[in-house]
Amino acid sequence: MATSGSAFTVTLPDGQRVAVAPGQSAGTVLRAWSPALERRMLAALFNGHPVDLAAPVTADGTLAPLTFEDRAGRDIVQHSSAHLVAKALTELIPEARPTVGPPTEEGFYYDFDVRPLTPADLDAVRAAMAQAVASSDPFARREVTKAEAAALFRGNPHKLRYIADVPEGEPVSVYSTGAFVDLCRGPHVPDAGWLAGVHILGFSAITPNTPDGPTLQRIRGVGFPTRAELDQYLKLRAEAEARDHRVLGRRLELFDFVEEAPGFPIWLPNGMVVVRELEQFVREHLRAADYREIRTPLLFAQSVYETSGHWEHYRENMFQTEIEGRHFGWKPMNCPGSMMIFRSRARSYRELPLRLAEFAPLHRYEASGTLHGLTRVREFVQDDAHIFATEEQVEAEVKTLLDWIASAFTTFRLTWRYELSTRPEHFLGDAADWDKAEALLERMLKASGVEYRVSAGEGAFYAPKIDIHIRDSLGRPWQTGTIQVDYQMPRRFGLQYQGSDGQLHTPVVVHRTIFGTWERFLGVLLEHTAGRLPPWMSPTQVRVLPLTERHTSAAEGLVDELRGEGLRVGLAAPDESVSKRIRAAELDRIPYTVVLGDKEVADGSVALRLRGVKENRTMSRAEFAAYARDRVRRREFDP
RNA sequence: GCCGCCAUAGCUCAGUCGGUAGAGCGGCUGAUUUGUAAUCAGCAGGUCGGGAGUUCGAUCCUCUCUGGCGGCUCCA
């Protein structure tokens with residue numbers, strides 16, 4: 001460390017090295033380097049660590065500016081916004097005890113130990129925040145000793161707990177904004193004027209993380225340096241809401257819900273077409289990959305779930321019923337049925353890997369507050385399968401699955417993320433098997449070269465898993481597919497096969513779904529495509545539009561012709577204007593709209609309008625039929 | 001399940017300071033026969049989510065139940 005009084009050497013992003021006098025701030029150095037940064041630079045990166053612009057340079061090192069465009073800069077804006085919320089709320093309710101206020105992927109939140117909040121409180125908080133922004137209240141950093149910090153926050157047991165975690169002898173930093181002081185590592189934007197685009201999204205009580213802990217009130221928001229950026233965000237959010245699959249489901253008559261069956265989707269005729277197309281897509285893979293399809297009961301007696309472990313670990317999520325004095329449960333997963341089929345007769349190693357697929361309705365009791373359109377329901381169908389394999393075969397099976405996932409999700413133009421979920425707190429079997437299975441899954445993820453995250457303790461109660469996550473239009477992640485390597489359930493069901501060595505062995509079971517459930521996958525796909533499903537999935541693929549009644553019989557002929565080619569075709573009778581019928585076709589998300597007028601009838605052509613494309617093209621009837629059929633067959637988007 | 005908010009026609013919403021309700025779209029009928037995102041007119045459609053209370057009188061105020069929405073927790 002350099003001694004006080006001598007200059008430090010700082011390397012700037014362009015490689016330039018400058019001498020910095022002691023006490024000079026990071027902001028001063030950077031502004032001298034590039035005056036244009038003045039309006040955009042909200043903090044700095046010193047030797048890779050974010051620091052306040054006001055922080056003095058205390059050593060040699062690298063220095064770079066941080067703006068809102070940097071992830072770290074964005075987080076600083078979010079976190080500073082959270083401070084502003086805390087300042088406003090503690091001014092309003094002095095006895096409120098702030099706890100933590102971190103940035104999140106979308107914005108930020110701040111949790112308070114305080115009486116239940118009301119919408120009026122929020123209005124007051126908004127007003128106070130606007131005031132702080134208008135007067136550009138500065139964020140001032142100060143370092144104090146642990147004891148000083150403890151004295152400062154003596155009225156707040158939450159902060160005292162965080163202070164207690166600080167290693168002895170290390171200074172504690174606090175930031176003040178006006179009269180509000182918060183325990184905080186920082187850094188922050190220089191002043192509240194940088195938070196002109198701060199916006200409170202809402203508030204809610206949050207479930208305590210310890211059983212005896214207080215219920216905290218969470219205020220959520222999102223921060224932007226300017227009002228214009230906030231407006232842009234709000235506009236995007238409004239657009240995302242317009243893609244809500246629940247709205248599209250009604251408009252396109254895909255599915256419905258009724259009050260009398262909360263969480264149980266009703267599939268309408270159009271929706272069934274989409275579901276069946278997806279099933280067909282999956283079945284083609286199953287045939288190619290040598291699966292056999294089965295169907296097992298929706299209800300089993302309690303004893304089956306005692307064997308599988310569901311009774312002990314999953315009972316709260318199961319619908320149950322009494323039949324002639326016997327206790328039954330609706331199956332929440334397909335595995336028990338598959339296990340029983342494997343066990344139903346002696347098995348040879350020659351049969352392995354045995355891949356059993358089942359698309360049965362499953363029922364899970366989900367708490368009412370968690371239900372959400374198609375993405376969280378109580379009855380659903382998984383593209384489920386169980387692969388019974390020898391330990392040596394598992395790796396190849398997982399590899400095939402990862403390949404299939406990549407190909408399948410690419411077909412839908414979806415981007416996905418893998419998550420490796422490891423042994424949970426309550427688990428079946430012994431830890432050694434879990435370690436083995438977890439290591440195998442991680443090895444496969446590494447080998448496939450894809451990115452993944454590890455979710456420690458998030459595995460199923462019977463096996464670790466690779467989960468696939470995709471996002472809805474508001475950026476909320478949803479888990480869809482899953483691959484689980486299970487040593488436990490085969491053992492519990494007493495599954496055995498005779499090996500080439502003549503001995504009996506227990507198989508390993510790979511539980512897997514690719515799309516997760518039809519319901520959730522389609523919900524997310526609808527939002528992803530704004531309802532513009534690829535032609536092969538569209539309930540109506542072609543709509544024929546006769547210009548006037550003179551053209552109706554030709555149009556009917558074309559409808560028959562195209563239906564003969566296996567296409568799903570509808571006719572829009574000429575009792576409305578062409579414009580109105582075109583508009584309806586767009587709103588109905590019809591991929592191909594063809595107009596027949598005098599010209600087309602005369603030369604046997606069609607005027608084709610692609611969904612969302614204003615320019616239309618003319619081609620012969622036969623050309624169009626071949627074109628549409630080909631697009632559908634290849635399962636391509638168009639456009 | 002927990003916290004907050006919401007529930008009026010098939011959909012989106014207006015309205016009644018307490019005296020039982022309207023619009024647009026959609027539907028039906030008629031006129032119009034239209035060249036690529038809304039032709040015109042008429043008609044039908046509502047026990048104002050269910051129950052209870054207050055009141056001479058409740059869609060409106062209160063309570064409660066049900067469902068939905070946004071979070072939390074949980075999850076495919």
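Below, each value reflects all heavy atoms present in this structure, side chains not excepted, and no hydrogens, waters or symmetry copies. Note on naming: letters A, B, ... go to the chains in the order of the sequence lines (proteins, then strands), and numbering restarts at 1 for each one.
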Parallel, tilted or perpendicular: rings of A/F281 and A/F412 (30°, 60°):
perpendicular
Salt bridge A/R568-A/E277, side-chain N to carboxylate O under 4.0 Å
yes
Relative to A/Y109, does A/R218 satisfy both conditions: NZ or CZ under 6.0 angstrom from the six-membered ring centre, and within 45 degrees of the ring's axis?
yes
A/R413 to A/F637, cation-pi by 6.0 Å centre distance and 45° axis angle
yes
Would A/R621 count as a cation-pi partner of A/F624, with NZ or CZ less than 6.0 Å from the six-membered ring centre and within 45° of the ring normal?
no
For B/G53 versus B/G15, give the span between their C1' atoms, rounded off to a whole number of Å.
25 Å
Test log, rule side chain to side chain contact (heavy atoms under 4.5 Å, CB included), inputs A/V377 and A/F264
CA-CA 6 Å; A/V377 292; A/F264 296 82; over 6 Å; no
Donor + acceptor pair across side chains of A/E519, A/T375 (<3.5 Å):
no
Roughly how far apart, to the nearest Å, are B/A7 and B/G46 at atom C1'?
14 Å
On the 0 to 90° scale, with breaks at 30° and 60°, tag the A/H245-A/H372 ring pair as parallel, tilted or perpendicular.
tilted
Euclidean distance for C1', B/A44 against B/G57 (whole angstrom):
30 Å
Strictly below 4.0 Å, heavy-atom distances to any atom of RNA chain B: list the hits from residues 107-125 of chain A, or just say none.
none
Donor + acceptor pair across side chains of A/H310, A/N317 (<3.5 Å):
no
For RNA chain B, the dot-bracket notation using Watson-Crick and G-U wobble pairs below 3.5 Å, [ ] for pseudoknot-type crossings and | for other-strand pairs, is (((((((..((((.....[..)))).(((((.......))))).....(((((..]....))))))))))))....
Return yes when atom CZ of A/R276 has more than 12 non-hydrogen atoms of other residues, nucleotides or ligands closer than 6.0 Å, and no otherwise.
no
If I pick the C1' atom on B/A38 and the same atom on B/C25, what distance separates them, to the nearest angstrom?
10 Å
At the 4.0 Å heavy-atom cut-off to chain A, mark where contacts on RNA chain B begin and end, going 5' to 3'.
B/G1 to B/A76
Have a look at A/R220 and say if it touches a base, only the backbone sugar-phosphate, or nothing, with a 4.0 Å heavy-atom cut-off.
sugar-phosphate
According to the interplanar angle, ranging from 0 to 90°, do the rings of A/H83 and A/H79 count as parallel (below 30°), tilted (30 to 60°) or perpendicular (above 60°)?
perpendicular
